[in-house]
Peer 1: 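Sending over a structure as structure tokens; questions will come in a sec.
We count ligands from 1, going down the list as the structure has it; atoms in each ligand are counted the same way.
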Amino acid sequence: MKSLIKIIYDVVVGLQFGDEGKGKIAQKLALIPGFYQVSARFNGGPNAGHTVIHEGKKLVLHVVPAGILAKLRVNFIGPGCVIDPVLLKKEVEEIQALGFDSKTIYLSELVHLITPYERVIDKKMNGALGTTGKGIGPTYAHKANRSGLRVSGFTKYINSPKVRESVKWDLYLEESRIYKDTYREESFDGLLFEEFEEWFDALVWLTENISVAKANFFLSDGEVHEIFTDRSDIRILAEGAQSVMLDNTYGTYPYVTSSNCLPSYAPVGLGLPGKAKKGRVIGVFKAYNTRVGSGPFDTELLDGSGDLICEAGKEFGSTTGRKRRIGWLDLPDLQYACELAGVDELYMTKVDVLSPGVTGSVSVCFSKGGGVATYKQFDAWDSSRIKRDTDITGSFRSFLDLVEEHLGILVGTVSNGPEVNDLVRTKPTPEGVGYVM
Ligand code: IMP
């Protein structure tokens with residue numbers, strides 16, 4: 001019998017309302033020499049955004065996993081994701097311009113495509129939810145409704161420019177008819193063929209510049225076994241997009257995204273064999289809390305006192321540029337998220353933002369009994385002198401202790417600056433543990 005490659009997957013998951021800095025943590029983990037072979041996204045689409053600086057140049061990753069920056073052999077966009085070909089093309093062009101090999105990006109043929117129509121529907125119908133307007137909701141809705149378009153619907157045409165041209169036109173007519181009939185939207189008349197053509201051409205460009213992965217990519221007869229002939233096992237770093245509190249089922253519905261963000265969805269959203277083993281779940285949260293878009297936010301600072309935190313933390317969406325709402329850390333919510341996600345180790349980010357120049361004190365909500373939030377207060381701290389575990393003292397130590405005691409999980413690493421290397425282990429690093437820097 002053919003010997004199969006053993007697959008283990010770790011998951012990085014956000015525990016608040018997104019924007020916790022997961023991308024930076026995933027990037028750092030992917031850089032551990034020889035540890036991961038594959039990085040992957042299992043949910044969401046261009047609603048996510050992760051800004052990185054590579055050799056002085058800014059790059060925003062939306063759907064390509066951060067492992068691309070660590071030059072992993074496979075950077076997989078899994079079947080649980082949705083893509084907008086126009087936006088993905090732009091992202092891939094930027095990646096190419098920085099000198100990375102775009103053929104290491106594998107796009108599953110089961111991924112659903114956001115069409116120009118879905119963008120319009122999202123903007124028109126989901127305004128009250130404060131969505132990113134990227135067409136995420138309508139695309140997942142059409143997937144569930146079995147009326148969506150998948151990458152696999154196109155791959156058969158890409159080698160024939162003649163067939164391609166007629167397919168493009170037929171598809172345009174068909175799509176516009178479906179959407180006009182379904183939504184009775186006059187504004188669809190304004191969607192010109194040129195816009196659809198740009199979309200179609202971007203898709204063709206993608207099939208030539210990145211790799212398209214078959215549905216069985218990770219299975220015994222799939223391509224992974226041809227790529228890794230030199231290995232008996234591979235380790236996948238799965239990057240969750242959005243976060244537990246925005247999960248379509250377990251978040252603050254209906255103020256949520258349209259995909260499932262929990263680590264338990266990772267093997268489904270990647271198409272892993274059922275026998276693949278779950279490794280570690282790495283939960284990421286900010287030392288305070290933010291939310292972009294509408295929806296409940298129990299610890300929100302409504303009196304403008306969060307404005308300095310917003311400025312200091314550069315709390316503006318990397319996808320939409322929107323100003324984020326600011327609030328204090330919410331331990332009951334975090335406890336819920338950690339338990340659902342099955343977090344093994346925590347990373348706390350943006351510790352440097354809560355400095356005395358930005359806020360006099362730092363509050364943490366530790367109880368919401370009877371609907372009343374109760375807080376504990378700490379003096380703001382100067383994290384610029386925290387370079388290693390023994391530097392963690394005073395009010396920041398007490399803050400960390402409260403979080404760890406409440407959650408019963410180690411906050412193994414804190415992030416005290418925007419750079420990928422601005423990370424400090426809170427405990428001496430055990431020998432031979434591959435997860436830590
Ligand atoms: P959608 O995912 O564009 O449908 O937006 C649904 C909700 O999720 C809105 O409140 C968005 O602001 C929020 N959201 C979606 N993606 C992200 C993200 O990557 N970070 C933070 N919030 C997000």
Side-chain angles (χ1 to χ4, degrees), residues 12-27 41-52 60-66 77 80-84 87-88 91 112 114-115 117-144 148 238-262 265 269 283-286 288-298 300 310 313-327 330 333 337 349-350:
V12 174
V13 62
L15 300 168
Q16 294 160 316
F17 298 106
D19 308 314
E20 297 91 351
K22 300 176 287 289
K24 162 173 152 166
I25 305 304
Q27 187 185 350
R41 277 277 305 273
F42 61 89
N43 74 307
N47 45 352
H50 162 44
T51 308
V52 287
V60 186
L61 293 176
H62 295 288
V63 283
V64 176
I77 302 168
C81 298
V82 294
I83 62 140
D84 181 330
L87 298 180
L88 182 54
E91 193 175 331
H112 274 251
I114 302 170
T115 67
Y117 297 102
E118 278 142 340
R119 269 186 243 142
V120 174
I121 297 163
D122 192 21
K123 286 188 185 130
K124 282 202 160 271
M125 299 181 72
N126 296 328
L129 296 177
T131 70
T132 59
K134 302 288 173 194
I136 306 294
T139 307
Y140 277 111
H142 296 143
K143 173 180 180 178
E239 301 172 20
Q242 290 79 48
S243 74
V244 174
M245 301 310 281
L246 290 175
D247 179 271
N248 188 253
T249 306
Y250 299 99
T252 53
Y253 191 91
Y255 300 99
V256 292
T257 192
S258 302
S259 67
N260 297 96
C261 313
L262 286 165
Y265 192 74
V284 186
F285 70 104
K286 274 197 269 223
Y288 50 97
N289 209 346
T290 61
R291 176 162 204 163
V292 60
S294 318
F297 188 177
D298 295 338
E300 184 169 13
C310 183
K314 300 198 171 54
E315 297 294 356
F316 300 90
S318 45
T319 295
T320 59
R322 288 180 293 176
K323 189 175 172 198
R324 297 177 186 144
R325 297 156 66 192
I326 308 287
D330 184 330
D333 272 14
T349 59
K350 300 253 181 151

Peer 1: Do you know which of T257, T131, T132, T320 makes side-chain hydrogen bond (donor to acceptor under 3.5 Å, both in side chains) with N47?
Peer 2: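 Answer to the side-chain hydrogen bond (donor to acceptor under 3.5 Å, both in side chains) test with N47 among T257, T131, T132, T320: T257.
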
Peer 1: Using ring-ring contact (aromatic ring centres under 6.0 Å, His included) as the criterion, list what pairs up with Y288, not counting sequence neighbours.
Peer 2: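 ring-ring contact (aromatic ring centres under 6.0 Å, His included) check on Y288 returns nothing, list empty.
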
Peer 1: Is the OH atom of Y253 crowded by more than 12 outside heavy atoms at less than 6.0 Å?
Peer 2: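 No, the 6.0 Å shell around OH holds no more than 12 heavy atoms from other groups.
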
Peer 1: For F17, give me all partners under ring-ring contact (aromatic ring centres under 6.0 Å, His included), at least two apart in sequence or on another chain.
Peer 2: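 Scan of F17 (ring-ring contact (aromatic ring centres under 6.0 Å, His included), adjacent residues dropped) gives F297.
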
Peer 1: Partners of E315 by salt bridge (Lys or Arg N to Asp or Glu O under 4.0 Å), sequence neighbours excluded?
Peer 2: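 Expected list: K286, R324, K350.
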
Peer 1: Can a donor-acceptor pair be found, under 3.5 Å and without considering hydrogens, that links the side chain of D247 to the backbone of T249?
Peer 2: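 Judged by distance alone, yes, a pair lies under 3.5 Å.
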
Peer 1: Between ligand 1 and the protein, find all N/O pairs closer than 3.5 Å and give the distance for each.
Peer 2:
{"unit_1": "ligand 1", "atom_1": "2 (O)", "unit_2": "N47", "atom_2": "ND2", "d": "2.9"}
{"unit_1": "ligand 1", "atom_1": "2 (O)", "unit_2": "T257", "atom_2": "OG1", "d": "2.6"}
{"unit_1": "ligand 1", "atom_1": "3 (O)", "unit_2": "T132", "atom_2": "N", "d": "2.9"}
{"unit_1": "ligand 1", "atom_1": "3 (O)", "unit_2": "T132", "atom_2": "OG1", "d": "2.6"}
{"unit_1": "ligand 1", "atom_1": "10 (O)", "unit_2": "V292", "atom_2": "O", "d": "3.1"}
{"unit_1": "ligand 1", "atom_1": "12 (O)", "unit_2": "G130", "atom_2": "O", "d": "3.4"}
{"unit_1": "ligand 1", "atom_1": "12 (O)", "unit_2": "V292", "atom_2": "O", "d": "2.9"}
{"unit_1": "ligand 1", "atom_1": "12 (O)", "unit_2": "R322", "atom_2": "NH2", "d": "3.0"}
{"unit_1": "ligand 1", "atom_1": "16 (N)", "unit_2": "Q242", "atom_2": "NE2", "d": "3.2"}
{"unit_1": "ligand 1", "atom_1": "19 (O)", "unit_2": "N47", "atom_2": "O", "d": "3.4"}
{"unit_1": "ligand 1", "atom_1": "20 (N)", "unit_2": "D19", "atom_2": "OD1", "d": "3.1"}
{"unit_1": "ligand 1", "atom_1": "20 (N)", "unit_2": "D19", "atom_2": "OD2", "d": "3.3"}

